Asker: 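Before I ask anything, here is the structure I am working with.
Values below: every heavy atom of this structure, side chains too, minus hydrogens, waters and symmetry copies. Residue numbers begin at 1 in each chain, while the letters A, B, ... track the order of the sequences. Here the structure is a predicted model, which means the values were calculated and not measured.
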Amino acid sequence: MAPRVRFAPSPTGWLHVGGARTALFNWLYARRHGGAFVLRIEDTDAARNTEEATRAILSGLRWLGLDWDEGPEKGGDRGPYFQSARKEIYRRYVQCLLDENKAYQEKGVVRFRLPHKVVRVADRICGTVHIDLSAEPDLTVMRADGSFIFHLVNVVDDLEMGITHVIRGEDHLSNTPKHLALYEAFGATPPVFAHIPLILNKDGSKMSKRDAGASLGEYIAKGYAPDALRNYLCLLGWSPKDNRELMALDELIARFDLDHVHRSSARFDVEKLEWMNTRHMMDMPLARFLEIARPSLGEIASSDPFYADRVLAVVKDKVKHLSDLPEQTAYFFRDDFPLDPAAVEKVLRKPGAADRLAALRARYANTMDWTSTTLETDLKALAAEMGVKPAEFIHPCRVAISGRTVGPSLYPMLEVLGKARVLARFDRARAA
RNA sequence: GACCCCAUCGGCUAGUGGUUAGGCCACCACCCUUUCACGGUGGAUGCACGGGUUCGAAUCCCGUUGGGGUCGCCA
C-alpha cells in the first residue's frame, strides 16, 4: 500500500525551520515510496491564526520545492484541508465518543476518558516506549464554545485522511499514548509513528520561534539557495551513512529513509550551511542559478536582462548569498562605482602601475575580438614584451575596472563589461 | 517536580565487542593561483563521568551528570 504522510502546520507565523525539516522528511518519505504528501492546515485556534501566516507557510514550502499532492490550493478526495472547515466531522466523532460513554460532559466541555494504564508506543525511530497514563487527567477534546482541541482533530483528520505514517517532531512523543487511546476508542488502526529529533540553536539551547535563524523566511531573505537549505536540513538528524553530504534532490529522494534518522537532537550550524550554499551554487547548472538569482537583482537587471544574465554567469561561482548580488555586481551596472581607497593606494599607486595600465589600455584599444581568451592572450603577450609577470597587469586592471581587489575571474569579467566600458574605466582610473 | 527521549572532535556525523576512532564544516600551516573563492596536502581537537558484563568495550547493562521534550479548554 502506498504510504500517505502529511504535514500539518498551525498558521500562527512564519514556517519554523524545524517545521520545514519535518515537512521535508515527510515529503521525502512520500516521494521515495511513491506515496502521497498531504498538507493540512491546523487552524482550529481562530484567535491566533492568520491568513498571512497560511500564505507564508504555503510559499515557504513551495520555495523549498515541497509540493503537496493534496491540500490547500490543490484539493483532493479527503478534504477539506483546513481544519476550520471540518467542524461537522469533529462533532460527529465527539458525539460518537459521548454515545459510547467514552467521553463525558463537564462544565460544558467534553472530556475523553483516558485509559489509566501503561501504554506501549512502538515508534519507528525511538523504538518501543512505555508511557504511564495512570496519573494523567482525562483529555479535553471540545471546548464549551464548541471548538475542538488539537489532540482530537489531529487524530480524526489523520484517520479520515487515511494517513499511514505520522512523521513529526519528538515533542509529540509524550502525546502519542493519548492519540493511541483515541484511535482505539474509534476502533481504528493507528498509523506508524516516527518521531524525529528537534533542532537546537548553535549553543545547544532549544530553538524557539523567536530565536534568530528560526524562521524559514530569514533564509529566503538572506538569499540561500533552496537546494542548499534543503540539503542541509536533510542532514540534520539523518545520515546516508557513507559520508555523502552534497546531494541534489534526486539523490536525496533515492536515499532518504526513516531507518537512518537519529534519536538525538542536532544543533543548527549556519557556517556549514554557508559552505553548502556556495557549493550548491557553484555546482548547479547555470540555468538553475539564473532562475534563483534573477529576482535578487530586481530593478537593476530590468534595462538589459541579457546583460544581467551574463553578469550573473560571471559571478556565479563567487556568490555567498543571493542577497549580496546587488552590491557584489554594482560596478557592472553603473560607471560611477566607488574605487576602494585601499586598493587605489596599494595597487594603482604602485610604482609603474600607471604606465602598465596605459600600455594595456593601448593594447586593448586595438583588440578586435573582445573575448576572454583573446583578452588573456593579449595581456600575457604585453607582459612578456615588457618583461614582467602578468600579475603586474592583472591587479591594476582589476582595480581599474571594478574598483576592488576581489572579484570574479578577470578575463570573463572584461568580456562581459565590453570594450567601451573597459577603456573608459582605464581612463578614469588613470585620473584617480 | 514527575514522566519520556538523548549523549563520539567546537558543530554535523560514521562507527553497532577487537579500527592507528573515519568524513564534512569551522580553525592552523603549506601547496596551487590573476584577487577572492575553489581545490590539494598536513595538523590540532573527541568516545560526559562512575560502576559493572567480557579475554577485550565508543559499542552491552546499571547509576550519575548534562541537554531536550511532555505534563493546557496552544498546536
Asker: With a 4.0 Å heavy-atom cut-off, tell me which residues in residues 243-251 of chain A come close to RNA chain B, sorted by residue number.
Answerer: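 Nucleic-acid contacts, sorted: A:Asn243, A:Glu245.
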
Asker: Looking at RNA chain B, which of residues 272-283 of chain A put a heavy atom within less than 4.0 Å of it?
Answerer: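 Contacts with RNA chain B under 4.0 Å: A:Lys272, A:Trp275, A:Arg279, A:Met282.
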
Asker: Tell me whether the rings of A:Phe186 and A:Tyr93 are parallel (<30°), tilted (30 to 60°) or perpendicular (>60°).
Answerer: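 A:Phe186 and A:Tyr93: perpendicular rings.
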
Asker: Report each atom pair, protein N/O against N/O of nucleotides 43-45 of chain B, whose distance is under 3.5 angstrom.
Answerer:
none

Asker: Just list the side-chain donor-acceptor pairs under 3.5 Å for residues 337-347 of chain A, sequence neighbours left out, or say none.
Answerer:
from: A:Asp340; atom 1: OD1; to: A:Ala342; atom 2: N; distance (Å): 3.3
from: A:Asp340; atom 1: OD2; to: A:Ala343; atom 2: N; distance (Å): 3.4
from: A:Glu345; atom 1: OE1; to: A:Arg349; atom 2: NH1; distance (Å): 3.3

Asker: Can you list every pair that meets salt bridge (Lys or Arg N to Asp or Glu O under 4.0 Å) and has a residue in residues 312-332 of chain A, with sequence neighbours left out?
Answerer: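 Every salt bridge (Lys or Arg N to Asp or Glu O under 4.0 Å) pair that includes a residue of residues 312-332 of chain A, provided the two are not neighbours, is A:Glu327-A:Arg404.
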
Asker: May I have all residue pairs that pass salt bridge (Lys or Arg N to Asp or Glu O under 4.0 Å) and include part of residues 159-177 of chain A, sequence neighbours excluded?
Answerer: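 Only A:Arg92-A:Glu160 qualify under salt bridge (Lys or Arg N to Asp or Glu O under 4.0 Å).
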
Asker: How is A:Pro408 classified with respect to the nucleic acid when contacts are heavy atoms under 4.0 Å: base, sugar-phosphate, or nothing?
Answerer: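 Result for A:Pro408 = base.
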
Asker: Give one of base, sugar-phosphate or nothing for A:Thr405, where a contact means two heavy atoms less than 4.0 Å apart.
Answerer: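 The residue A:Thr405 makes base contact.
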
Asker: Please give, in whole Å, the distance from B:rC3 P to A:His195 NE2?
Answerer: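 From A:His195 NE2 to B:rC3 P: 20 Å.
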
Asker: So which protein N/O to nucleotides 7-9 of chain B N/O distances come out below 3.5 Å?
Answerer:
none

Asker: Which residue pairs pass the salt bridge (Lys or Arg N to Asp or Glu O under 4.0 Å) test with at least one member in residues 111-122 of chain A, sequence neighbours excluded?
Answerer: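 The answer is A:Glu106-A:Arg111.
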
Asker: Mind listing the residues from residues 81-110 of chain A sitting with a heavy atom below 4.0 Å of RNA chain B? Number order is fine.
Answerer: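 Contacts with RNA chain B under 4.0 Å: A:Val109.
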
Asker: Taking RNA chain B as the partner, which of residues 161-176 of chain A come within under 4.0 angstrom of it by heavy atom?
Answerer: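 A:Glu170, A:Asp171, A:His172, A:Leu173, A:Ser174, A:Asn175 - these, ordered by number, are the residues of the stretch whose heavy atoms sit under 4.0 Å from the strand.
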
Asker: Considering only heavy atoms, which members of residues 122-132 of chain A lie under 4.0 Å from some atom of RNA chain B?
Answerer: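 Hits under 4.0 Å, by residue number: A:Val129, A:His130.
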
Asker: For residues 8-20 of chain A, which residue pairs qualify under salt bridge (Lys or Arg N to Asp or Glu O under 4.0 Å), counting only residues two or more places apart or in two chains?
Answerer: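 For residues 8-20 of chain A, and leaving out neighbouring residues, there are no salt bridge (Lys or Arg N to Asp or Glu O under 4.0 Å) pairs at all.
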
